[in-house]
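The structure appears right after this line, and notes come after that.
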There are 2 protein chains.
Amino acid sequence: MMNAVNSFAPTEQRLAVTCRRHPAFPREPAVLVRLVKHLYKRLHDDANTLLKPWGINHPEYNLLMMLYGTEGYTLSPSQLAAAAGEKSANITRLTDELCDKGLIERTASDEDRRKIALTLTKAGVVVIKGFLPDVCALLERQTAGLQPREAAQLEKLLKKFLDHLEQA
Amino acid sequence: MMNAVNSFAPTEQRLAVTCRRHPAFPREPAVLVRLVKHLYKRLHDDANTLLKPWGINHPEYNLLMMLYGTEGYTLSPSQLAAAAGEKSANITRLTDELCDKGLIERTASDEDRRKIALTLTKAGVVVIKGFLPDVCALLERQTAGLQPREAAQLEKLLKKFLDHLEQA
DNA sequence: TGCATATTATACATAAATGTACTATATGTT
DNA sequence: AACATATAGTACATTTATGTATAATATGCA
């Protein structure tokens with residue numbers, strides 16, 4: 001008799017029953033999908049908790065960091081959407097909020113007047129530099145259970161998984 | 001010069017710039033977290049698209065499958081929340097909808113009157129058996145890029161990641 | 001040039017997820 | 001029994017995310 005030492009055990013247990021009831025049900029793929037979901041939710045929650053005192057949430061953080069990781073601190077809305085993994089409809093709302101907070105600003109492009117440039121403000125950079133130490137510590141803590149070799153292996157497998165998913 | 005063959009390339013590129021700007025920024029953990037996010041969104045979208053013709057969405061599917069994977073097709077709301085990885089406030093709304101659709105039903109528990117039993121109806125089982133072939137095919141397709149050995153390795157690493165995350 | 005088509009961004013309506021506070025019941029203690 | 005505390009579930013308000021339609025501009029081509 002096993003003990004549920006982690007939050008995933010009940011899920012896995014039920015997938016096993018499903019396999020018994022419906023033999024065609026592919027256990028391994030189902031487990032992988034659920035694991036990704038559980039992980040995502042947990043990571044998302046952790047990040048939100050950490051960022052709350054800074055007045056931003058996880059998606060906003062992602063946008064800020066994508067701009068911070070770009071030469072000139074500037075991207076178009078669609079580039080930002082791609083980099084942050086958000087849908088374009090979301091970008092409008094999120095960047096509105098970040099504009100209101102004074103962390104980014106919009107400017108129209110001269111070359112192509114359909115385009116808009118989203119740029120990190122000085123205040124935005126200051127805020128990023130403020131929370132970055134905390135974020136770094138969180139990231140280290142979250143992955144502390146994995147050896148460097150394991151982390152590298154995991155990165156490789158996740159990329160392979162994602163790559164295949166996208167061309168399918 | 002590398003070409004962006006996948007959706008993750010722009011994200012990774014920007015994380016690299018961030019590491020240059022802020023040397024303490026831990027690349028590997030950040031990449032893993034972003035990969036999980038990208039994967040989750042993609043898997044979530046794929047599932048929603050597939051399930052739409054059946055009149056349910058991904059979270060509802062998860063609830064149904066957790067009940068299907070339980071002896072007696074019955075769980076309490078909190079058990080269901082744990083198994084499906086949803087917050088309890090969400091369970092109320094989702095199970096309301098599933099009740100309205102006639103796929104599950106609520107009954108009060110006799111032993112502990114705080115408790116409610118959520119049970120799959122016959123109609124619920126029928127619907128599950130209806131979409132299950134499609135779901136199985138999707139799951140197979142999504143993980144077709146991974147060799148069995150790689151999938152097993154990925155499962156192991158994701159579990160280790162999640163386990164550590166939860167005790168931290 | 002003029003027209004068809006594509007691209008970029010956004011508004012708006014809707015759906016999904018979360019936080020908070022509350023009710024009802026159960027459990028443990030004195 | 002009486003009370004304090006814990007637990008299960010949900011209602012409600014709010015926030016977050018998505019889908020769809022639209023406006024504006026650009027591009028390709030007859």
Side-chain angles (χ1 to χ4, degrees), chain A residues 37-38 40-53 55-64 74-101 104-119, chain B residues 37-38 40-53 55-64 74-101 104-119:
Chain A
K37 178 186 170 149
H38 279 243
Y40 170 72
K41 295 231 167 185
R42 176 62 191 239
L43 292 167
H44 184 71
D45 286 353
D46 281 2
N48 275 328
T49 303
L50 180 101
L51 293 165
K52 190 154 203 174
I56 59 172
N57 60 27
H58 191 203
E60 291 170 331
Y61 159 83
N62 282 330
L63 300 195
L64 292 177
T74 299
L75 287 172
S76 73
S78 45
Q79 289 174 313
L80 192 52
E86 293 289 342
K87 315 241 160 120
S88 71
N90 241 358
I91 292 296
T92 302
R93 178 180 53 86
L94 290 166
T95 55
D96 278 354
E97 291 164 7
L98 291 173
C99 279
D100 289 349
K101 292 173 189 168
I104 68 173
E105 63 185 7
R106 283 179 225 247
T107 34
S109 159
D110 289 329
E111 28 170 75
D112 185 335
R113 270 187 291 175
R114 288 172 309 186
K115 289 185 184 163
I116 295 275
L118 298 165
T119 307
Chain B
K37 176 182 172 153
H38 279 242
Y40 171 72
K41 295 231 166 184
R42 176 64 190 237
L43 293 167
H44 183 70
D45 287 353
D46 281 1
N48 275 328
T49 302
L50 180 101
L51 293 165
K52 190 154 203 172
I56 59 172
N57 60 27
H58 190 205
E60 290 171 332
Y61 159 83
N62 282 330
L63 300 195
L64 291 176
T74 298
L75 288 171
S76 71
S78 44
Q79 289 174 312
L80 191 51
E86 292 288 342
K87 314 241 161 121
S88 71
N90 242 359
I91 291 297
T92 302
R93 177 179 54 84
L94 291 167
T95 55
D96 278 354
E97 291 163 8
L98 291 172
C99 281
D100 290 348
K101 292 172 189 167
I104 67 172
E105 63 185 6
R106 283 177 224 249
T107 35
S109 159
D110 289 330
E111 26 170 76
D112 184 336
R113 272 190 289 177
R114 287 172 309 184
K115 288 184 184 162
I116 296 275
L118 298 165
T119 306

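Labels below follow one simple rule: chain letters A, B, ... track the order of the sequence lines, proteins then strands, and each chain is numbered from 1. All of these numbers come straight from a predicted model, not from anything done at the bench.
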Rounded to whole angstrom units, what separation is found between the [atom1] atom of [X] and the [atom2] atom of [N]?
X	N	atom1	atom2	answer
A:Lys115	C:dA9	NZ	P	8 Å
B:His44	D:dT18	NE2	P	7 Å
A:Arg114	C:dT10	CZ	C1'	15 Å
B:His58	C:dA17	NE2	P	10 Å
B:Asn62	C:dA17	CG	P	10 Å
A:Leu94	C:dA9	CG	C1'	14 Å
A:Lys52	C:dT20	NZ	C1'	10 Å
A:Lys87	C:dA9	NZ	C1'	17 Å

Open item on the list: Which is more 5' along DNA chain C, the nucleotide nearest A:Asp45 or the one nearest A:Asp96? Just name the residue.
Closed with: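 On the 5' side of the pair lies A:Asp96.
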Among [options], find the nucleotide with the atom closest to the side chain of [X].
X	options	value
B:Ala89	C:dT10, C:dT8, C:dG19	C:dG19
A:Pro59	D:dT10, D:dA17, C:dG19	D:dA17
A:Arg106	C:dA17, C:dT10, D:dT10	C:dT10
A:Asn90	D:dA17, D:dG9, C:dT18	D:dA17
A:Glu86	D:dA26, D:dT18, C:dG19	D:dT18
B:Lys41	C:dT10, D:dT18, D:dT25	D:dT18
B:Pro77	D:dT25, D:dT18, D:dG9	D:dG9

Task: Which residues share a ring pair (Phe, Tyr, Trp, His ring centres under 6.0 Å) with B:His58, sequence neighbours left out - done: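 Here the qualifying residues are B:His44.
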Classify the nucleic acid contact of [X] as base, sugar-phosphate or nothing, counting any heavy atom under 4.0 Å across all strands shown.
X	value
B:Ser78	sugar-phosphate
B:Ser88	base
B:Glu111	sugar-phosphate

Open item on the list: So, does A:Asn57 get its side chain near the phosphate of D:dT15, meaning an N or O under 4.0 Å from OP1 or OP2?
Closed with: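 So the side-chain polar atoms of A:Asn57 never come under 4.0 Å of the phosphate oxygens OP1 or OP2 of D:dT15.
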Open item on the list: C:dA17, OP1 or OP2 - any side-chain N/O from B:Arg93 closer than 4.0 Å?
Closed with: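 Looking at the OP1 and OP2 atoms of C:dA17, one of them is under 4.0 Å from a side-chain N or O of B:Arg93.
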- [ ] Record whether the side chain of B:Arg113 comes under 3.5 Å of the base of C:dT25 through a donor-acceptor pair of N or O atoms.
- [x]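 In this structure, the two groups form no donor-acceptor pair.
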Open item on the list: Please determine whether the number of non-hydrogen atoms from other residues, nucleotides or ligands lying under 6.0 Å from atom CZ of B:Arg106 exceeds 12.
Closed with: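 Enclosed: over 12 neighbouring heavy atoms sit under 6.0 Å from CZ of B:Arg106.
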- [ ] Taking all non-hydrogen atoms of both residues into account, name the closest pair between A:Pro59 and A:Asn48 and its distance.
- [x]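 The answer is CD-OD1, 4.4 Å.
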Task: Atom pair CG (A:Leu118) and CG (A:Leu75), whose distance is rounded to the nearest 0.5 Å - done: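 Answer for the CG-CG pair, A:Leu118 versus A:Leu75, is 7.5 Å.
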Open item on the list: Looking at B:Asp45 and A:Lys87, is any side-chain nitrogen of the basic one under 4.0 Å from a carboxylate oxygen of the acidic one?
Closed with: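 Counted as a salt bridge, because a side-chain N and a carboxylate O are separated by less than 4.0 Å.
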Task: Carboxylate-amine/guanidinium contact A:Asp110 A:Lys115, below 4.0 Å - done: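 So A:Asp110 does not pair with A:Lys115 through a salt bridge.
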Open item on the list: By nearest heavy atom, map A:Asp112 and A:Gly85 onto DNA chain D; which one lands nearer the 5' end?
Closed with: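 The residue closer to the strand's 5' end, by nearest nucleotide, is A:Gly85.
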